[in-house]
Every structure is written in C-alpha cells, then in structure tokens.
Amino acid sequence: MLNRTHRLVAHSMATRNTLTSCIGWGSAASHVRSATATTHNFHTSAPTTQPSSSSKDSSGDTPQLTHTDPETGKASMVSVTDKAPTHRTALAVSSIWLPGVAFDLLKRNGHKKGDVLTVAQIAGIQAAKQTSSLIPLCHPLLLTHVSVDLKLVEDEASPDVTGAGAQKGGLRGGRVDIESRVACMGNTGVEMEALTGATVAALTVFDMCKAVGKDMVIGEVKVMEKTGGKSGAYKHNQQGAQRQGRGI
C-alpha cells in the first residue's frame with residue numbers, strides 16, 4: 001500500500017514538473033514572438049526616416065537653391081574658392097516709358113536737372129560696381145568692363161497711361177531702351193552686376209524726369225545673354241506672349 005502511494009506521489013510530482021516545463025517553454029516562445037513582432041514593427045516604420053527630396057546632394061537631378069541651406073533653410077553665401085577663374089560676360093536690358101512732355105524734354109535735353117541720359121549712364125556704371133554692397137549675398141568682383149547704353153525710341157502707340165502728364169499738347173510719348181554690359185575674370189558670373197546697372201539707369205531716368213510727369217513705366221528687366229563659367233553660354237529666348245498671365 002505504501003509503495004503504491006509512493007508511486008502515485010512520484011507520478012504527480014513528475015507531472016507537475018512536466019507542466020512547469022511546458023509553461024516555461026510557452027513563456028519563452030511568447031517572448032520570442034514578442035521580440036519578432038517588435039523587430040518587424042521597427043522595419044516597417046523605417047521608411048518614414050528617409051531623407052526628403054530637398055536634402056539630395058547637388059550632384060543629383062534635383063535643382064538646388066545655392067544660397068539656401070537645404071537642412072535649415074537659412075541664407076548662406078556660396079563658396080567659390082575652388083572654382084577656376086574664367087572670362088565672364090553678361091548683358092542685361094531694361095526700359096522706361098515716358099509721357100509726351102517728359103519725352104519731348106528728354107529729346108531736347110531740356111530737363112531742369114540736366115543731361116538725363118549722361119547722368120543715368122554714369123549711375124548705371126557706378127551701380128554695377130557696387131552690386132555686392134546692394135545685394136547681400138553677391139560676391140565682390142573685380143570688374144574689367146562696364147558699359148551702359150541708352151537709346152531713345154519714340155512710340156507710335158504709347159501704353160495706356162492716364163493722368164495729368166499723359167500726352168499733353170499732342171506730344172507722343174516714348175521710351176528709353178537701356179543695355180548694360182559687364183565683364184570680369186572671376187570665379188562667379190556677372191549677371192547681377194549687369195541687372196543692377198540696367199535697373200539703376202532706369203530708376204535714374206525716372207528721378208531726373210519725375211518733375212514733369214510721374215506717369216512713367218519701367219519695363220522688363222532681364223538677362224539677355226551671358227558667357228563663361230561651368231554652365232557655359234546662355235541666351236534669353238522667351239517671348240513676351242509666353243509670360244502672359246504670370247504677372248510680368
């Protein structure tokens with residue numbers, strides 16, 4: 001009887017040990033499944049950490065704004081230290097339309113402030129040389145040539161400008177066409193210098209003539225061509241009709 005009871009106790013203990021082992025295995029398996037699931041979830045969330053297109057390097061196909069840090073968006077001056085100096089040129093143009101009285105005085109050199117075209121020419125040349133002082137992130141350049149040319153063109157059909165100064169005395173209005181050419185031997189281009197020269201020349205005409213008519217209109221300012229540098233030659237070929245509806 002005692003032997004039989006001993007066998008039953010031993011059997012019960014063995015069964016309990018077996019159950020304990022099974023429970024332990026189940027717990028371990030549960031931990032493995034949990035770890036696997038955690039690993040799986042980590043990998044599925046990984047694509048959200050991919051860099052945005054704005055952080056692609058400059059060697060890729062995505063255009064970059066060179067004066068803006070792609071990581072912070074802050075403005076920065078581009079380093080041109082490693083760029084080889086080359087002969088660079090640029091041609092920019094602008095224009096200003098004047099109503100009849102002002103244009104007639106301009107043709108006759110009759111404005112009280114003096115020779116409008118000569119003053120505007122000198123102002124444009126001076127402005128081109130001072131571009132880096134006016135445009136914060138432009139590099140100071142040793143310009144080897146600056147020229148600003150102004151030409152009077154009498155319009156048959158003037159812009160629709162109304163006011164006290166428009167077409168007085170039956171005089172036809174007209175415009176001043178301005179060309180600004182700049183050249184240098186340098187590490188970066190001179191487009192900004194040419195644009196600044198053309199723009200300031202037009203502003204100077206406005207200042208010299210505003211006493212007899214403020215109904216003047218400054219026209220398009222644009223780079224017509226440039227040479228030199230890594231990007232090579234460029235010529236403006238967009239027509240006015242292609243820009244309609246864009247505010248210009």
Is there a continuous path of hydrophobic side-chain contacts, each under 4.5 Å between heavy atoms, that joins I135 to L137?
no
Charged N to carboxylate O below 4.0 Å: is that the case for R172 and D104?
no
Donor-acceptor under 3.5 Å (T204 side chain, A120 main chain)
no
Backbone of D207 reached by a side-chain donor or acceptor of K113 within 3.5 Å:
yes
Assess, by modelled atom type and distance only, whether the side chains of K226 and S231 contain a donor and an acceptor separated by less than 3.5 Å.
yes
V200 and A123 have their tightest heavy-atom pair at CG1-O, 3.8 Å
Find out if a path of hydrophobic residues (ILVMFWY) with successive side-chain heavy-atom gaps under 4.5 Å connects V148 to V223.
no
Under a 3.5 Å distance rule, please check whether H111 uses its side chain to pair with a backbone N or O of A102 as donor and acceptor.
yes
Using side chain to side chain contact (heavy atoms under 4.5 Å, CB included) as the criterion, point out the one residue from V153, L152, V217 that pairs with R175.
V153
Of all heavy-atom pairs between S180 and A194, which one has the smallest distance, and what is that distance?
OG-O, 3.1 Å
Side-chain heavy atoms nearer than 4.5 Å, only ILVMFWY residues, links allowed to pass through others: does that put L203 and V176 together?
yes
Between T89 (side chain only) and A183 (backbone N and O only), is there a donor and an acceptor less than 3.5 Å apart?
no
Return the minimal non-hydrogen interatomic distance between A127 and T196, and the atom names on each side.
O-CG2, 3.6 Å
How many angstroms lie between atom CZ of F206 and atom CG of L98, to the nearest 0.5 angstrom?
9.0 Å
Examine distances only and state if a side-chain atom of S94 and a backbone atom of A198 form a donor-acceptor pair shorter than 3.5 Å.
yes
Distance col, row I122:CD1 vs L117:CG, nearest 0.5 angstrom, shows 11.5 Å
For L91, does its backbone N or O pair with a side-chain atom of E225 as donor and acceptor, under 3.5 Å?
no
With the threshold set at 4.0 Å, does a side-chain nitrogen-carboxylate oxygen contact exist between E154 and K107?
yes
Check: A128 main-chain N/O paired with T131 side-chain donor or acceptor under 3.5 Å
yes
Between R88 and T86, is there a side-chain heavy-atom distance shorter than 4.5 Å?
yes
Applying a strict under-4.5 Å side-chain criterion to I, L, V, M, F, W and Y, I'd like to know whether F103 and M216 cluster together.
yes
Let me check something: do I218 and M208 share a hydrophobic cluster, defined by ILVMFWY side-chain heavy atoms less than 4.5 Å apart, either directly or through other members?
yes
If you measure from SG on C209 to CG on D215, what distance do you get to the nearest 0.5 Å?
12.5 Å
Between atom OG1 of T199 and atom CE of M192, what is the distance when rounded to the nearest 0.5 Å?
8.5 Å
What distance separates E193 CD from S132 OG, expressed to the nearest 0.5 Å?
7.5 Å
I125 side, atom CD1; Q130 side, atom CD - distance, nearest 0.5 Å
13.0 Å
Please examine the side chains of V205 and L150, heavy atoms only from C-beta on, and report whether any two atoms are closer than 4.5 Å.
yes
So that I can tick it off, tell me whether K151 and D149 are bridged by a salt bridge, with the cut-off set at under 4.0 angstrom between side-chain N and carboxylate O.
no
Taking all non-hydrogen atoms of both residues into account, name the closest pair between V190 and V182 and its distance.
CG2-O, 3.6 Å
